[in-house]
Participant: 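One structure follows; several queries about it will come next.
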Amino acid sequence: MSSNIKVQRICQHCGNEFTAQRTTTLYCSHKCNSAAYKAQKRAVKVAISNKQTQAIKTRPIEELKAKEFLSVRDVAKLIGCSRQTAYTLINSGRLKSVNIKVKKTIVRRADLEKLFELPQPVTHITESEIIPVQYEISDCYNLTEVQSKYGISETALQQLIKRHNVPKIKKGWFAYVPKIIIDNILIQPTKA
């Protein structure tokens with residue numbers, strides 16, 4: 001039994017308007033239906049291929065995560081940095097390592113994980129811990145004042161501040177240092 005229904009539809013593949021005899025018709029012709037079916041199958045195959053490629057790409061990382069001892073190259077791959085950065089971490093002492101040969105450096109996985117651990121918050125303050133002193137701007141010199149008062153160059157002043165761990169207070173364009181600390185460092189004791 002045939003239907004006398006005439007419905008205007010848009011083809012899901014080519015986008016052209018057509019007259020359908022059923023409300024469930026999606027395509028204007030057998031050619032569009034076949035092309036849409038092939039495109040759907042192709043998309044599934046591409047998705048499977050992409051998933052396999054991603055698995056192949058991540059396999060080396062998963063294998064590195066399973067290793068107990070890592071080379072510097074493995075460390076660099078695992079944390080996503082260059083080998084030179086990994087060597088810098090080792091040379092600075094932030095990452096422990098062992099040289100088993102002249103050109104073979106090994107890092108324990110546990111030491112690498114310690115590098116990324118967050119420090120535990122202090123729950124109490126003991127007597128041996130020093131609470132930093134807060135200085136007022138009125139009790140400080142700006143760097144230009146120190147240079148003119150003591151006749152010291154900017155480079156020498158910066159080195160002095162760094163060497164003696166003098167606290168710097170930044171306010172706007174200026175940096176300030178406590179008067180009492182600078183005076184104690186720069187005033188020479190007089191000989192009697």
Side-chain angles (χ1 to χ4, degrees), residues 1-124 132 134 137 143 158 162 167-176:
M1 196 160 135
S2 67
S3 172
N4 290 333
I5 297 175
K6 302 282 186 203
V7 180
Q8 289 302 111
R9 305 280 301 195
I10 302 292
C11 179
Q12 296 293 315
H13 181 69
C14 67
N16 294 332
E17 188 175 340
F18 69 98
T19 304
Q21 294 182 349
R22 293 186 186 140
T23 59
T24 57
T25 304
L26 298 176
Y27 306 104
C28 62
S29 65
H30 179 68
K31 182 179 176 182
C32 282
N33 188 8
S34 297
Y37 178 78
K38 287 179 182 177
Q40 182 182 13
K41 289 297 182 184
R42 189 178 315 115
V44 169
K45 286 182 181 179
V46 167
I48 290 170
S49 176
N50 288 342
K51 189 182 282 187
Q52 290 171 344
T53 303
Q54 190 63 30
I56 290 169
K57 279 181 169 179
T58 58
R59 187 181 318 143
I61 299 295
E62 296 302 321
E63 289 172 358
L64 289 178
K65 287 181 180 179
K67 289 171 88 176
E68 180 64 28
F69 297 100
L70 304 166
S71 68
V72 175
R73 184 180 304 241
D74 294 342
V75 169
K77 279 184 187 176
L78 200 55
I79 63 176
C81 68
S82 68
R83 282 189 319 149
Q84 186 59 42
T85 303
Y87 276 116
T88 302
L89 288 171
I90 291 168
N91 293 337
S92 69
R94 293 181 61 200
L95 182 60
K96 293 181 184 176
S97 67
V98 175
N99 288 336
I100 58 174
K101 287 186 178 178
V102 175
K103 291 191 175 184
K104 187 66 173 177
T105 304
I106 298 295
V107 176
R108 275 190 333 175
R109 176 140 185 83
D111 292 332
L112 182 63
E113 289 173 359
K114 283 181 187 175
L115 180 67
F116 294 103
E117 287 179 0
L118 294 175
Q120 297 297 322
V122 178
T123 55
H124 64 282
Q134 299 295 325
I137 297 295
L143 299 183
Q158 292 295 342
K162 193 173 188 179
K168 270 205 267 187
I169 303 161
K170 295 262 187 181
K171 186 162 186 179
W173 288 93
F174 298 101
Y176 295 90

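Since this is a predicted model, take the numbers as computed values, not measurements. Both backbone and side-chain heavy atoms feed into the values below; hydrogens, waters and symmetry mates do not.
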Participant: So do the side chains of Val75 and Leu112 get within less than 4.5 Å of each other, counting heavy atoms only?
Facilitator: yes
Participant: For the side chain of Asp111 and the backbone of Val107, is there at least one donor-acceptor N/O pair under 3.5 Å apart?
Facilitator: no
Participant: Nearest 0.5 Å, what's the SG-NZ distance between Cys14 and Lys31?
Facilitator: 9.5 Å
Participant: Would you compute the distance between atom CG of Asn16 and atom SG of Cys28 and round it to the nearest 0.5 angstrom?
Facilitator: 6.0 Å
Participant: Using a 3.5 Å distance criterion without hydrogens, assess whether the side chain of Ser92 forms a donor-acceptor pair with backbone atoms of Leu89.
Facilitator: yes
Participant: Hey, mind stepping through Val98 and Thr105 against side chain to side chain contact (heavy atoms under 4.5 Å, CB included) and telling me if it holds?
Facilitator: CA-CA 6 Å; Val98 175; Thr105 304; over 6 Å; no
Participant: Before giving the answer on side chain to side chain contact (heavy atoms under 4.5 Å, CB included), spell out for Gln8 and Thr19 the whole-Å C-alpha distance, their side-chain angles and the decisive distance to 0.1 Å.
Facilitator: CA-CA 5 Å; Gln8 289 302 111; Thr19 304; 2.6 Å; yes
Participant: Please step through side chain to side chain contact (heavy atoms under 4.5 Å, CB included) for the pair Tyr176 and Lys168, ending with a clear verdict.
Facilitator: CA-CA 6 Å; Tyr176 295 90; Lys168 270 205 267 187; over 6 Å; no
Participant: Say you draw a straight line from OH of Tyr87 to OG of Ser97; how long is it, rounded to the nearest 0.5 Å?
Facilitator: 9.0 Å
Participant: Do Arg109 and Leu70 make a side-chain contact, defined as non-hydrogen atoms from C-beta onward lying under 4.5 Å apart?
Facilitator: yes
Participant: For Ala36, what residues pass the side-chain contact (heavy atoms from CB on, under 4.5 Å) criterion, not counting sequence neighbours?
Facilitator: His13, Tyr27
Participant: Scan side-chain atoms only and decide if Lys45 and Gln40 contain a donor-acceptor pair under the 3.5 Å cut-off.
Facilitator: no
Participant: Which value, rounded to the nearest 0.5 Å, describes the distance between Ser71 atom OG and Ile106 atom CD1?
Facilitator: 6.0 Å
Participant: Mark yes or no for whether Arg9, through its side chain, and Thr25, through its backbone, hold a donor-acceptor pair below 3.5 Å.
Facilitator: yes
Participant: Of all the heavy-atom pairs spanning Ala86 and Cys81, show the shortest one and how long it is.
Facilitator: N-SG, 4.1 Å
Participant: How would you list, by chain and number, every residue that makes a side-chain contact (heavy atoms from CB on, under 4.5 Å) with Ser82, sequence neighbours excluded?
Facilitator: Gln84, Thr85
Participant: Between Phe18 and Ile10, which heavy-atom pair has the shortest distance, and what is it?
Facilitator: CE2-C, 3.7 Å
Participant: Calculate, to the nearest 0.5 Å, the distance between atoms NZ and CG belonging to Lys38 and Asn33 respectively.
Facilitator: 11.0 Å
Participant: Please examine the side chains of Gln21 and Ile5, heavy atoms only from C-beta on, and report whether any two atoms are closer than 4.5 Å.
Facilitator: no
Participant: When rounded to the nearest 0.5 angstrom, what is the spacing between CG in Leu115 and CG in Leu95?
Facilitator: 5.5 Å
Participant: Do Phe174 and Leu143 have side chains that get closer than 4.5 Å, going by heavy atoms?
Facilitator: no
Participant: Salt bridge (Lys or Arg N to Asp or Glu O under 4.0 Å): which pairs involve residues 67-95, sequence neighbours left out?
Facilitator: Lys67-Asp74
